[in-house]
Amino acid sequence: MNLQVVWFKRDLRTVDHQALAAASKTGPVLCVYVVEPGYWQLPDTSNRQWQFVRESLIDLQEQLQRLGGALWITQGNVVETLTRLKQRFGTLTLHSHEEQGNSWTFERDKAVKRWCHSNGVVWHEYAQFGVVRPVKRREGSFHEHWFAYMSQPQAELPSEIDFVTFDEPSINLAVDVTQDEYPCRKRQSGGRTQALATLTSFLTRRSERYHGSISSPLTAPTACSRLSPYLAYGCISLKELVQQTDAIQERTVNSYWRRSLNDFAKRLWWHCYFTQRFESHCYMENRPLVPQMAQLEPAFDAVKFEAWKHGRTGWPMVDACMRYLHHHGWINFRMRAMLVSAATYSLGLPWQPVAKWLAKLFVDYEPGIHYPQVQMQSGQASNSILRIYNPVMQAQRLDPDGVFVKRWIPELQHVEGAWLFEPWQMPNKLKQQAGWNDDFFYPEPLVDFEQSHRQIKAAIAELRTRYNLQPADRNKERRRQFASRKKRTTKSTSNDNQLSLF
Ligand SMILES: Cc1cc2nc3c(=O)[nH]c(=O)nc-3n(C[C@H](O)[C@H](O)[C@H](O)COP(=O)(O)OP(=O)(O)OC[C@H]3O[C@@H](n4cnc5c(N)ncnc54)[C@H](O)[C@@H]3O)c2cc1C
């Protein structure tokens, strides 16, 4: 028997699952998930992510049971697991989706490839995003490839699948004894059932307000789709989402709502745009895309890092966002960017530990988006205009009445009016009235915002002049690429330099 092993990774669903569809059309199928302790101990992974995956696996078991199959969940090393399967079943073919993971999973995949090679096992890897590996294989631009991929039909399963079971017992996920150092009380629940409920509420109701409501931390939690963790662990496929969004957009008459759906669809394109960048430059996890930026790498300051990590920088908007993130495992794009800006430009911290810490707190941690974004928001990725966020102005614009800040910083509960934006300026009398004492108070900012920005801007300008690094407007390029989607069937004649970087 040639056993078709479907190795589930960040693709915890049965619908539009290319690997499962191809395997089940070929022969008897064994579905496997390997819980890898080495992965879950990395500085960019966390218990909150594991809990989400655990719930998604329970849901996947139910999906497979409905098809007459089962998911065998084991713990350990993937190569050792495959070795056991080969000893037990003889001939194997391995099927999985491609993964744009961190360096640990990249090395793990290389070990699996070596094992397959030396054991005569064929490993089929299927794309699950509009990303090409290696990029040399791609015909036409990234843009053309993306639209062609997203308009293909979804992977269909045959009506009957010959499922095989393995005699080793599966791990029981219903009982979980893991401890969380940083509990995430309002984490989104994992699993496809939840993914579909979130998708329905977004496309039928919440998406109307997407345009114009995704920047403020007050409105973003309901105006954003909140689909990111479901995409990160593949509870829903990106193709399903793109196709459903397109269908709803076509039926929507309300022009404001259509505009919102168009803004949302752009983000789905960005998902792959950034992931493709990471696929081609996976060293971005550790090294800057603009190599000269390494020369400006600041010394690590443990006191500032700890203050930023736990929401005690003295800038209310930054601290409120960090505390919110601890509690929810999610925050909106603008506030993620502000957190990176505060840590790297304002506090002068190196971007790598900042990236790892945020990755750990994000339930939706997706290396292909995360590292390119952190690099972009800290000036490492391109020579574009520096995006330095002023936390006082962000608070004035996005939380003018201090509702968000007061909710997340109890120390500011009794601070009123404009003092909420700069509480360190309050006279002592007002500090006492706010209930502050030696044990209960809100700290002053660790650095002078204006001064640290003057320094970092001057240092970057000097570096750019020294190496003749020309600014590039990536945003303009991204907008142009997406806006020309209607030309997707015609061959692009435009200058595609930006995307041919991949
Ligand atoms: C420093 C930083 C780190 C980030 N790290 C991650 C991460 O680890 N995982 C992650 O999924 N997103 C990350 N993002 C992108 C973005 O903030 C999140 O995708 C978004 O906030 C998730 O919420 P949502 O699903 O409700 O978003 P929506 O606005 O509803 O967007 C829908 C989907 O589009 C994609 N998307 C949205 N914005 C972007 C973007 N700017 N770039 C690329 N794709 C995008 C995501 O897949 C998202 O789920 C990061 C952004 C920054 C600034």
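We count ligands from 1, going down the list as the structure has it; atoms in each ligand are counted the same way.
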Checking side-chain polar atoms at under 3.5 Å, does [X] have a donor or acceptor matched by the opposite partner on [Y]?
X      : Y      : value
Gln380 : Thr344 : no
Gln394 : Asn390 : no
Gln128 : Gln18  : no

Atoms in ligand 1 with a heavy atom of [X] nearer than 4.0 Å:
X      : result
Leu231 : 47 (O), 49 (O)
Leu227 : 25 (O)
Ser228 : 11 (O), 22 (C), 23 (O), 25 (O), 49 (O)
Val340 : 1 (C)
Phe362 : 3 (C), 4 (C), 5 (N), 8 (O)
Ile331 : 21 (O)
Tyr365 : 8 (O)
Phe274 : 42 (N), 43 (C)

Ring-ring centroid check [X] [Y], cutoff 6.0 Å:
X      : Y      : result
Phe142 : Trp269 : yes
Tyr345 : Tyr389 : no
Trp408 : His326 : no
Tyr371 : Trp351 : no

In terms of residue, atom name and distance, what is the protein heavy atom nearest to [atom]?
atom                    : value
atom 32 (C) of ligand 1 : Phe264 CE1, 3.4 Å
atom 2 (C) of ligand 1  : Gln373 CB, 3.6 Å
atom 27 (O) of ligand 1 : Ser225 OG, 4.1 Å
atom 15 (C) of ligand 1 : Ile369 CG2, 3.8 Å
atom 5 (N) of ligand 1  : His370 ND1, 3.1 Å
atom 33 (C) of ligand 1 : Leu268 CD2, 3.8 Å
atom 26 (O) of ligand 1 : Arg226 N, 2.7 Å
atom 9 (N) of ligand 1  : Asp364 O, 2.9 Å

Worksheet item: What is the ring orientation for Tyr324 with Phe404, classed by angle as parallel under 30°, tilted 30 to 60°, or perpendicular over 60°?
Response: tilted
Item to complete: Classify the angle between the aromatic ring planes of His17 and Phe8 as parallel (below 30°), tilted (30 to 60°) or perpendicular (above 60°).
Response: tilted
[X] touching ligand 1 at heavy-atom level, < 4.0 angstrom:
X      : answer
Tyr210 : yes
Tyr273 : no
Ala337 : yes
Thr275 : no

Discussion item. Closer than 4.0 angstrom, basic N to acidic O: yes or no for Glu62 and Arg192?
Written reply: no
Worksheet item: Any salt bridge between Asp364 and Arg226, counting N to O under 4.0 Å?
Response: no
Response to the item:
If you compare Glu366, Arg267, Gln188, Arg336 by their heavy atoms, the one closest to atom 13 (C) of ligand 1 turns out to be Arg336
Discussion item. Please work out, at 4.0 Å between heavy atoms, whether the side chain, the backbone, both, or neither of Phe333 comes within that distance of ligand 1.
Written reply: both
Discussion item. Just to verify, what does Asp109 make a salt bridge (charged side-chain N to carboxylate O under 4.0 Å, His left out) with, not counting sequence neighbours?
Written reply: Lys9
Worksheet entry | Contacts of Ser260 that satisfy side-chain contact (heavy atoms from CB on, under 4.5 Å) - sequence neighbours left out | Tyr210, His211, Tyr256
